[in-house]
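Reviewing the structure listed below.
Here is the naming used below: chain letters follow the sequence lines, and residue numbers restart at 1 for every chain.
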There are 2 protein chains.
Amino acid sequence: MLSQRARYALRALCFLAGREDPRPAAIVDIAEASAAPRKFLEAILLELKRHQILVSSRGRFGGYLLARSPEEISFADVIRALDGPLALAPCASKTAFRPCEACPGITDCPVHPALVAAREAVAGVLEGWSLSRAIGPLGAEILQAK
Amino acid sequence: MLSQRARYALRALCFLAGREDPRPAAIVDIAEASAAPRKFLEAILLELKRHQILVSSRGRFGGYLLARSPEEISFADVIRALDGPLALAPCASKTAFRPCEACPGITDCPVHPALVAAREAVAGVLEGWSLSRAIGPLGAEILQAK
DNA sequence: TTTAACTCTATCGATTTAGTGGGAAATTGA
DNA sequence: TCAATTTCCCACTAAATCGATAGAGTTAAA
């Protein structure tokens with residue numbers, strides 16, 4: 001299960017991906033759009049910035065913008081930034097591999113191959129799922145039509 | 001990430017699947033084989049029994065047996081029994097669907113389709129991955145050869 | 001009736017999670 | 001320069017979860 005943080009993050013990023021305004025969006029507006037508590041979202045956006053998914057500017061008219069185009073930000077990027085590896089166990093992770101303690105070892109563990117297969121399956125989906133795909137091919141046009 | 005409970009469970013079940021002895025296995029032996037603390041494993045096996053993955057007999061020479069053949073027990077069964085739904089969010093679960101609060105709704109949520117796709121991917125793998133597959137086609141023979 | 005096993009409930013400490021609060025730093029506009 | 005606005009950073013709390021342990025109770029075979 002995703003954490004609440006990751007869910008807020010995905011909603012917030014979809015909102016940002018759908019905006020056509022080139023000026024940065026303030027936390028307050030993002031919080032309203034993604035139905036997240038303002039202060040809580042603050043920490044989330046900061047984390048996304050640390051992972052180079054967002055860029056920010058301070059002061060008046062400051063706020064957040066996507067660090068790159070929505071096609072180049074995948075759900076996998078976002079979830080990894082907030083919840084860590086996609087894998088079901090550290091020993092099955094590609095981005096944060098760590099052997100499990102008290103295990104016969106990678107080659108002998110009967111559980112390991114299944115976890116690797118599961119990780120590959122979910123990573124295959126989420127790495128290919130970008131923000132632009134999430135808001136749909138019509139996402140931008142719909143907003144523009146308003 | 002899987003809980004430690006689920007990991008112990010998978011190891012324990014693989015051990016049971018590889019045994020050729022028709023008599024039930026005692027907790028102590030299962031604990032040793034799966035490198036799990038005895039009392040902790042106790043609760044896990046009980047949970048697996050509640051989910052009809054194991055059957056038990058009490059008293060002297062009592063213990064646990066698989067409730068059905070190893071081909072008919074999937075990793076998905078085990079993980080669902082101990083960690084709950086495979087989905088990344090309740091709204092994407094097939095076995096325990098629940099709409100997320102403060103969400104535009106299934107049809108309008110831009111995040112939902114990705115979570116459903118991820119769930120289908122991981123369920124596809126884990127539902128098709130049985131204990132017998134985990135211990136390998138040679139699993140039984142190897143044990144017999146000893 | 002003893003003994004070896006499962007069953008059940010309660011509890012504990014550490015960690016994580018969700019969320020809040022206050023203030024410092026930066027930027028803009030007057 | 002000053003005031004307003006906005007991000008940034010730190011500390012903190014309450015509740016839940018997780019991994020694990022303890023102990024009393026129940027069952028069944030020898």
[N] [atom2] sits how many Å from [X] [atom1], rounded?
X	N	atom1	atom2	result
B/Leu82	D/dA20	CG	P	14 Å
B/Leu48	C/dC6	CG	P	14 Å
B/Lys39	C/dT11	NZ	C1'	13 Å
A/Ile44	D/dC9	CD1	P	16 Å
B/Leu46	C/dT9	CG	C1'	11 Å
A/Phe40	C/dT16	CZ	C1'	11 Å
B/Arg11	D/dG19	CZ	P	13 Å
B/Arg60	C/dT2	CZ	P	14 Å

Along DNA chain D (nearest heavy atom to each residue), the more 5'-positioned of B/Ser57 and B/Asp83: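 Its nearest nucleotide lies further toward 5', so the answer is B/Asp83.
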
Closest listed nucleotide, where the reference is the side chain of B/Gln4 and the choices are D/dT26, D/dA20, C/dA5: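 Nucleotide nearest to B/Gln4's side chain: D/dA20.
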
Nucleotide nearest B/Tyr64 (side chain, heavy atoms from C-beta), chosen from C/dG29, D/dA20, C/dT7: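 Taking heavy atoms from C-beta onward, the closest nucleotide is C/dT7.
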
Charged N-O contact under 4.0 Å between B/Asp77 and B/Arg68: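 Salt bridge: yes.
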
Side-chain N or O of [X] versus OP1/OP2 of [N]: is the shortest distance under 4.0 Å?
X	N	result
B/Tyr8	D/dA20	yes
B/Ser56	C/dT7	yes
A/Lys49	D/dC8	yes

Residues clustering with B/Val55 (ILVMFWY side chains joined when closer than 4.5 Å, directly or via others):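 Same cluster as B/Val55: B/Leu65.
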
Side chain B/Glu42 and base C/dC6 donor-acceptor under 3.5 Å: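 No such pair is found, so the answer is no.
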
Base, sugar-phosphate, or nothing for [X], non-hydrogen atoms under 4.0 angstrom?
X	result
A/Arg38	base
B/Gly59	base
B/Leu45	nothing

Shortest non-hydrogen separation from A/Trp129 to B/Ala117 and the atoms involved: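 Closest approach of A/Trp129 to B/Ala117: CZ3-CB, 3.6 Å.
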
Atom of B/Ala123, atom of B/Leu86 and distance for their closest heavy-atom approach: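 Closest approach of B/Ala123 to B/Leu86: CA-CD1, 3.8 Å.
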
Whether A/His51 side chain and A/Glu47 backbone form a donor-acceptor pair below 3.5 Å: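 Yes, because the side chain of A/His51 sits within donor-acceptor range (under 3.5 Å) of the backbone of A/Glu47.
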
